[in-house]
Structures are given as structure tokens and as C-alpha cells.
Amino acid sequence: MAKNTDKEKNAVVETEAKQEEAASPEGDKGTGPQTHTLTPLQATVELVKRGRREFLPRLREQLKPRPDVWQYVGDLARQTERAWVELIGGQDDLLKESLVLHAETMRHELAGPDPQPLERLIVERMIACQFQLLYLDALEAQNDFLKGGKAAEHLMRRQNQAHRQLMDAAKTLAIVRKLKPPSVIDAAPQPSVPAAEPNRQPKGSSDDESAAKLNGHNGHHHNRLNGFKFSAVDAS
Amino acid sequence: MAWETRGTKRFYYKSAREGRTVKKIYLGRGEAAQRAAAEDAAARARREAERAELRRVEALLEAPERLTDQLKDQIDVLLAATMYAGGWHYHRGEWRRQRGEKH
């Protein structure tokens, strides 16, 4: 019964992937409004995740340089940062500008001198999570009713969740840097998928062992909290 | 915690938990009852105000958190696509090199 269910699911995902591609008259050439969504890519990833390795060539094809995809996600990242800055800063323009500068500093420190596009996006996610955590911490600091009782418990759950998301993003960044997936897309258009980099392994260890022994952070990128004080909790 | 009518008079009862049971405490209708009723009403109002404030904060958080979640989802798709295309697979919470993959 479970196998039938998996087959049905695979069939549904495969159909959706084909429909999404068919809907785009230009295929994967990157034109049309639907190419700004990741749905076809998402569907193909889902198929590969379920063991349908015959879709790997399609996946690689879909990952060929698509600056519009990266631009779309990059714009989403900027939009997210703006939303948090507006919420935290409220009517205080000086605070908002400070937050934007803080984000820029974090971006520079975390991403390093020459980040891959995927690394840049993960750093954007870390910045968003950081702002979320800062806002929740400021809420607790400025509101007595959030220091006890059910409201405080609810807030603590939110803070823990935000902290976990920040740590997950940091871990993902470390993984991407350590594993250096060979087909990382370059945002600039290229005629073909870049050749894979050799996976650097310490002598005597297998790929699986090195992946399993990930220590996480590279070490030289530190998330420095400057300790913001917020002038207003509410934002109109 | 309520005024209860007996005949033509009203008396104030307060509820108090003792272990697993809840007991009603009679406070009468005098000054103590009036004071207790006022305190209970104030506490109720305070709790309702806190709930309202929490709802307001949740409403403010809704948009940025939705964007943050969307960003996470999009990045996850790109990450997974990149890793799978590069010959990795996700197994038991880790990315591992697919056996036989040569790049």
C-alpha cells in the first residue's frame, strides 16, 4: 500500500513538473513571468529527492545560469530585510538607517570577500533571522506583561524558534562552504554548467565520513551582535 | 469569581483551586466582597489587555515572518537543487556524496 502511495505521489509531482514546463513557452530559457518562480525546479528536486535519479539531467538543465531566478530570490531577501527594518524601526528613521548599516556590516562579515550566489542568499536569511530575534528580544525587554505567564511562554517559544532558524542558517552556510557543491550556479550567464571542483578530503577519510564530521562554522566569520536598543516596540 | 443571586440579594463567590478540585469561597456582599470583585474585574481586564497586545504584536510579525519563511523555502529549493545536481544526496540529516558519482 505504501509503495502505491509513493508511486501516486511521484506521478503527481512528475505531472506537475511537466505541466509547469509546458506552461512556459520558452522552456528553461528564462523568459515569461512564470520563470520567476521556482515551481518547476521545486518539482524536479522533489522527484530527485524521492529517488528518481533519471531526473538529474533535467535538474542540471534547470540549474543552468538563470540570473532571473537568483535576482528574484535576492529581491525577496531585500524585501524581507526591509520589512524587518520597518517593523523594528517604526517611526525612527535614524534607527532604521542604523539597522540597514548593521545588515550591511553583517553581510560583509558573514559573506566574506567572494561569496557564491547561494552563500549570499544564506547570509541574507541569517540577517532576516537575526532581525527577527532582535525584535522578539526587544519586545520582551520593553513589555512587563511578557516577562511572566502564558504570554511570556508564548514569546519564549517564538524566540527559541527564531534562534533555531538562525543556527540552522549558519550551519547551512558552513555546509555549503565546506562541501562546495560543484554545480553552484554563477549568476553571470555562462555557456555551460561549471566543471565540478574536486572535493577536498583529508587523507584516509571517505566522503561520507567527512560529511558526517562537519564541525559547522568555518571560524573566521562571526556573527557580532552589537546589542540594539529599540526606541519603540510598535510600528504604525 | 462571580456575583450570585439568592432571592433578592447578591453575594460574591470566589473560585480557588485546591489540588485537583476547584472550591467556591463565599465572601458575602459587604466591603470584602466589593473589594474582591473589583480586584477580579481589574485582573480580568489586565489579562484581556495583555491578550489584545499579544494579538497586535502577532499581527505586526505576520508579514515579515511570512517573507522570512518564503525566503527560507526558496533558498532550500536552490540548495537542494544545487546539492543533488552536484552528486550529493540527503541521508539521515546529512548531505553525503552519492556513490559512483564522479564530477
Side-chain angles (χ1 to χ4, degrees), chain A residues 38 41-42 44-45 48-49 53 56 59-60 62-63 69-70 72-73 76-77 79-80 83-84 86-87 118 121-122 124-125 128-129 131-132 135-136 139 143 145-146 149 151 154-155 158 165 169 172 175-176 179 181-185 193 195-197 199 206-208 211-212 214 233-235, chain B residues 1 15-17 22 39-103:
Chain A
L38 292 174
L41 187 63
Q42 235 168 327
T44 312
V45 165
V48 172
K49 196 189 292 186
R53 300 189 58 75
L56 271 175
L59 182 64
R60 292 180 181 125
Q62 286 175 327
L63 280 178
V69 169
W70 295 93
Y72 166 72
V73 184
L76 180 61
Q79 205 181 339
T80 306
W84 283 114
E86 289 295 323
L87 178 62
L118 190 54
L121 286 181
I122 296 171
E124 295 295 340
R125 168 155 167 75
C129 291
F131 278 166
Q132 182 181 18
Y135 180 74
L136 293 172
L139 265 186
N143 291 277
F145 81 95
L146 287 173
H154 178 75
L155 180 65
R158 301 293 295 273
Q165 287 174 352
T172 303
I175 288 170
V176 167
L179 298 186
S183 62
V184 169
I185 303 98
V193 177
E197 292 179 18
N199 190 25
S206 68
D207 290 342
D208 285 351
L214 270 179
V233 167
D234 28 352
Chain B
M1 293 188 288
S15 301
R17 182 176 289 276
V22 176
E39 285 170 3
D40 290 342
R44 256 196 310 277
R46 194 172 52 246
R47 283 195 299 273
E48 182 50 41
E50 288 172 1
R51 277 195 292 269
E53 180 66 14
L54 205 53
R55 280 195 296 270
R56 191 183 67 82
V57 167
E58 292 286 340
L60 288 173
L61 280 169
E62 195 262 330
E65 284 188 340
R66 183 168 30 86
L67 286 170
T68 305
D69 289 342
Q70 279 177 15
L71 183 63
K72 175 188 181 298
D73 291 342
Q74 302 288 3
I75 291 172
D76 284 348
V77 170
L78 289 172
L79 173 68
T82 306
M83 297 298 279
Y84 281 122
W88 298 81
H89 71 286
Y90 198 68
H91 182 67
R92 291 192 177 187
E94 293 171 337
W95 284 102
R96 295 164 179 254
R97 176 75 78 180
Q98 191 72 31
R99 286 183 188 177
E101 282 286 338
K102 292 178 184 179
H103 289 272

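We name chains A, B, ... by the order of the sequence lines, and we start the count at 1 in each one.
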Exercise. Relative to chain B, which segment of A:Gln79 carries a heavy atom at a distance below 4.5 Å: side chain, backbone, both, or neither?
Worked result: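 A:Gln79 touches chain B through backbone and side-chain heavy atoms alike.
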Practice task
Sort A:Leu155 into side chain, backbone, both or neither according to what part of it lies under 4.5 angstrom from a heavy atom of chain B.
Solution key: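 Neither part.
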- prompt: How close do B:Tyr84 and A:Leu56 get, heavy atom to heavy atom, and via which atoms?
  reply: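 That closest heavy-atom pairing would be O-CD2, 3.4 Å.
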* Which pair of heavy atoms, one from A:Leu63 and one from B:Ala81, lies closest together, and at what distance? ->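 A:Leu63 and B:Ala81 have their closest heavy atoms at CD1-O, 3.2 Å.
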Nearest 0.5 Å, what's the [atom1]-[atom2] distance between [X] and [Y]?
{"X": "A:Leu136", "Y": "B:Glu65", "atom1": "CG", "atom2": "CD", "result": "6.5 Å"}
{"X": "A:Trp84", "Y": "B:Thr68", "atom1": "CH2", "atom2": "OG1", "result": "5.0 Å"}
{"X": "B:Lys72", "Y": "A:Thr172", "atom1": "NZ", "atom2": "OG1", "result": "8.0 Å"}
{"X": "A:Leu87", "Y": "B:Leu60", "atom1": "CG", "atom2": "CG", "result": "5.5 Å"}
{"X": "A:Leu139", "Y": "B:Leu61", "atom1": "CG", "atom2": "CG", "result": "6.5 Å"}
{"X": "A:Thr80", "Y": "B:Leu71", "atom1": "OG1", "atom2": "CG", "result": "5.0 Å"}

Which atoms of B:Glu58 are under 4.5 Å from chain A, going by heavy atoms: the side chain, the backbone, both sets, or neither?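 Only the side chain of B:Glu58 comes within 4.5 Å of chain A.
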Selection from A:Gln132, A:Gln165, A:Glu124, A:Lys49 maximising heavy-atom pairs under 4.5 Å formed with chain B =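 Winner by heavy-atom pair count: A:Lys49.
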Item to check | Identified side-chain contact (heavy atoms from CB on, under 4.5 Å) counterpart of B:Gln74 within the set A:Leu76, A:Leu121, A:Leu41 | outcome: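 For B:Gln74, the side-chain contact (heavy atoms from CB on, under 4.5 Å) test succeeds with only one of A:Leu76, A:Leu121, A:Leu41, which is A:Leu76.
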